[in-house]
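Nothing here was measured: the structure is a model prediction, and the numbers come from that model. Index from 1, following the sequence.
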Amino acid sequence: MNNSVFLESVYSKVDTNIHIKKDVNVEEILNIQLKNVRSGNSTRIELNNFYDHFDIYQELQQKKQALKEQLKNIPPSTKEYIPLQTQLQQLHAQETEMRTHILDLALMLNKMKDTEKISAVKSAYEKGQLKAIDGLISDDYLEQQLTTLEQKKEKIAAKLMDSANEFNIKARITYLLFDVEENERFKKVLYFYDTGLKSASKTHNNEFHVEYLRSYCLFTDSLHLIDKTEQLYEQLDAISHEWGTTLNKAAFLQQRNKLDQALRAMQFLLVDIRHGRYPDLKPNELATIHNNAGNLYRSLAEYDTAIKQLLKAESYFTDLAPTPSNINLYVSIMTNLSLCYALTENYQEAIKIAEKSLQIKQQFLTVDETYTKRSIALTQSNLGKLYLQIKDFATSEFYHLESLKNINFCVQKDANIYLPFYAINLFNMTQLFYAKKDLDHALKYGIECFDIRQRYFVTARLPQNEFIEIGDLLFSLLRDIIAKDETQTNLAALEAHLLNRKNMANIMLPLHESKFIIDHLIANLDVAIFYTNQKPELTKASEAMQICQQDFQLIMKKYLFQVPQNLLMQLQNVYFRLEKIHAEKSGSQTN
């Protein structure tokens, strides 16, 4: 595919060492970078000068800077600090979204046929004038165009395509106008997309209709509009039987934990491939399909089938050139294969594959230094955990330290993005030293890890279940220390940790009840255990237990099907045992 003049002009504003030449496919590079952004591996990709070129992005940076200046004068311990810190985290999240959609908009514009209006839009984009694009395609202009086109629809299929494209652009630009109230902005975005879809459906051009629906699907999926995305996939299924559509649909269903539906879609696709329905599929496309199938079977705990699919995916790389996209895909397959072997407790094979994946990353990954080090750190961290499973503590420590070193490089680039990842590495170190029974070092890493997680609780980059694991591990550590030396200092340290964790759970719960309800319950359950057993203060224990009971009732009423049943059963068993002990101790005190 030849580079377009538009993409070359856009890419020339990127501060990169890759020079544009005939054998460099700009669209492929931008797609790889965009994929890395969406996956959470990297949100910076060394494009700072490029993004600073856009007017809306500059305004957001100014807001961020103003808020940072304001925070400098407010102590973290005051009640005014948390709302402002939350606003700053929200601006960081908006910045990440803006970067993604600005880059995606360039790729979308590149696929559009030039008209007078589209050419003007591309020109404004190249100049960084996103607000000007909003003015070029005004609400009145779109409505007037649509009315005119619908009156002459039998003669103007091409014009309908232009109209759909313009509504598509308008939806994207509207989404970037963060100054507009969120609900109103979302309504407008969906209105523009839905109205553009009417034009796309009337073009009688199936390929264009499918492309529009696919773009709409990706957008709603990125906003976690589950019902809308599923509805759009149903429309896609009705008019398209392309392998890419089926693959995306299966991935979407898998992410939403609708595994049976995802499996049916994937099995139909694999059968079609075996029967030769898609004879023109390229090796990297076949590898992608089998890699996704392997991931799906892993989610279903069918590990042997998953391994077969992933080995099939790997087999397509015999004759493929080491392009950036091929290397990324190959590393993904190897990582998934290593994980599957680990889940079957074949740790030696898992280690062998992970080490091969690490060598490939170190040799070939060169798209961006920060992303490369983050990716290498992830594999090193996985190797550390694998060696811990076979109790090779020295090698495990080596890989975890190497991972910490690489992720620390990323932290220096952007602490807001990468410190939560650094916290995960600290958690791994905590587990390692705990397994070695080196409680002092384990406690040191655990406290640092928990401290970082507290400071970055607003971001979604450290999953809630990992925060729970960090709190549980620290709780176990401190209890083991107390078992050896039950001094008032150690008791006070455990009490401070539990109350700190309970305080964080209280802060997080109003932000997203369904996401943090389990953590809130566990934090209060640990407090109740402590005040019942280690430091009998039954009034405080009763208060914590009452909160646990309220959480249980809320889960059973609203979130029963969102909580893993094995976890809920464990929590219930602990609660009921604790309730019995508490009742016995209360009775003893009364007697």
Side-chain angles (χ1 to χ4, degrees), residues 39-41 291 294-311 313-314 317 327-365 371-410 418 420-438 441-442 445-446 449 462-463 465-466 468-470 472-473 476-477:
S39 68
N41 287 327
N291 183 36
N295 273 334
L296 177 55
Y297 280 110
R298 175 169 58 82
S299 298
L300 290 160
E302 296 184 25
Y303 301 127
D304 290 339
T305 307
I307 289 170
K308 287 178 184 177
Q309 288 293 329
L310 292 166
L311 289 173
E314 184 193 11
F317 281 86
I327 292 300
N328 272 342
L329 177 56
Y330 186 70
V331 165
S332 171
I333 293 166
M334 299 299 283
T335 300
N336 294 331
L337 194 54
S338 176
L339 178 57
C340 282
Y341 279 120
L343 288 168
T344 59
E345 299 185 3
N346 187 348
Y347 297 116
Q348 293 295 346
E349 192 64 26
I351 287 170
K352 175 182 170 185
I353 291 170
E355 287 180 336
K356 183 177 179 181
S357 176
L358 179 60
Q359 290 171 2
I360 291 167
K361 286 183 177 183
Q362 290 170 331
Q363 183 178 358
F364 290 108
L365 278 184
Y371 164 69
T372 299
K373 286 190 178 292
R374 164 69 186 124
S375 182
I376 287 173
L378 178 62
T379 302
Q380 290 168 330
S381 177
N382 289 339
L383 277 164
K385 287 187 279 190
L386 288 169
Y387 275 106
L388 179 59
Q389 290 290 340
I390 61 173
K391 300 192 181 335
D392 184 344
F393 297 134
T395 309
S396 176
E397 184 175 351
F398 167 77
Y399 277 118
H400 279 319
L401 287 172
E402 288 296 302
S403 178
L404 274 172
K405 188 191 305 179
N406 279 314
I407 206 68
N408 188 49
F409 171 89
C410 302
Y418 292 106
F421 289 117
Y422 188 75
I424 295 173
N425 281 258
L426 293 171
F427 178 54
N428 294 335
M429 292 294 284
T430 308
Q431 288 183 311
L432 168 64
F433 282 105
Y434 192 34
K436 290 172 65 174
K437 303 189 186 309
D438 184 345
H441 278 94
Y445 283 112
C449 171
L462 190 58
N465 65 300
E466 295 194 11
I468 295 173
E469 290 173 6
I470 292 166
D472 286 348
L473 187 54
S476 299
L477 264 170

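Note that the CG atom of Asn336 and the OG atom of Ser357 stand 9.5 Å from one another [nearest 0.5 Å]. Atom CG in Leu300 sits 11.0 Å away from atom CG in Asn295 (nearest 0.5 Å). Interatomic distance, CG of Leu386 versus CG of Asn346, reported as 10.5 Å (0.5 Å rounding). Between the CD1 atom in Ile307 and the CD atom in Glu349 there is a gap of 8.5 Å [rounded to 0.5 Å]. Going from atom CG of Leu339 over to atom OG1 of Thr344 covers 9.5 Å, rounded to the nearest 0.5 Å. Note that OG of Ser396 is 9.5 Å distant from CD of Gln389, once rounded to the nearest 0.5 Å.
Both cation-pi conditions hold for Arg374 and Phe421: the charged atom is under 6.0 angstrom from the six-membered ring centre and inside a 45 degree cone around its axis.
Here Tyr341 and Tyr347 keep their ring centres 6.0 angstrom or further from each other.
Cys340 places a side-chain heavy atom less than 4.5 Å from the side chain of Leu310. Within the 4.5 Å cutoff, side-chain heavy atoms of Lys436 are placed close to those of Glu397. With a 4.5 Å cut-off on side-chain heavy atoms, Ser338 and Ile351 do not count as touching. In this structure, the side chains of Glu355 and Tyr399 come closer than 4.5 Å at one or more pairs of heavy atoms. Side-chain contact check for Asn328 versus Tyr371: some heavy-atom pair is nearer than 4.5 Å. Residues Tyr297 and Asp304 form no side-chain contact, since every pair of their non-hydrogen atoms from C-beta on lies 4.5 Å or further apart.
Using modelled atom types and a 3.5 Å distance limit, the side chains of Thr379 and Lys361 yield a donor-acceptor pair.
Pairing each heavy atom of Ser381 with each of Ser403, the nearest pair is CB-OG, 3.6 Å.
For the side chain to side chain contact (heavy atoms under 4.5 Å, CB included) criterion with Met334, the lone passing option out of Asn291, Ile353, Leu329 is Ile353.
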CA sep, side-chain torsions, deciding dist, call: His400, Leu432, side chain to side chain contact (heavy atoms under 4.5 Å, CB included): CA-CA 9 Å; His400 279 319; Leu432 168 64; 4.2 Å; yes
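A donor-acceptor distance shorter than 3.5 angstrom exists from the side chain of Thr335 to the backbone of Val331, with no hydrogens or angles considered. Between the side chain of Asn408 and the backbone N or O of Leu404, no donor-acceptor pair lies under 3.5 Å.
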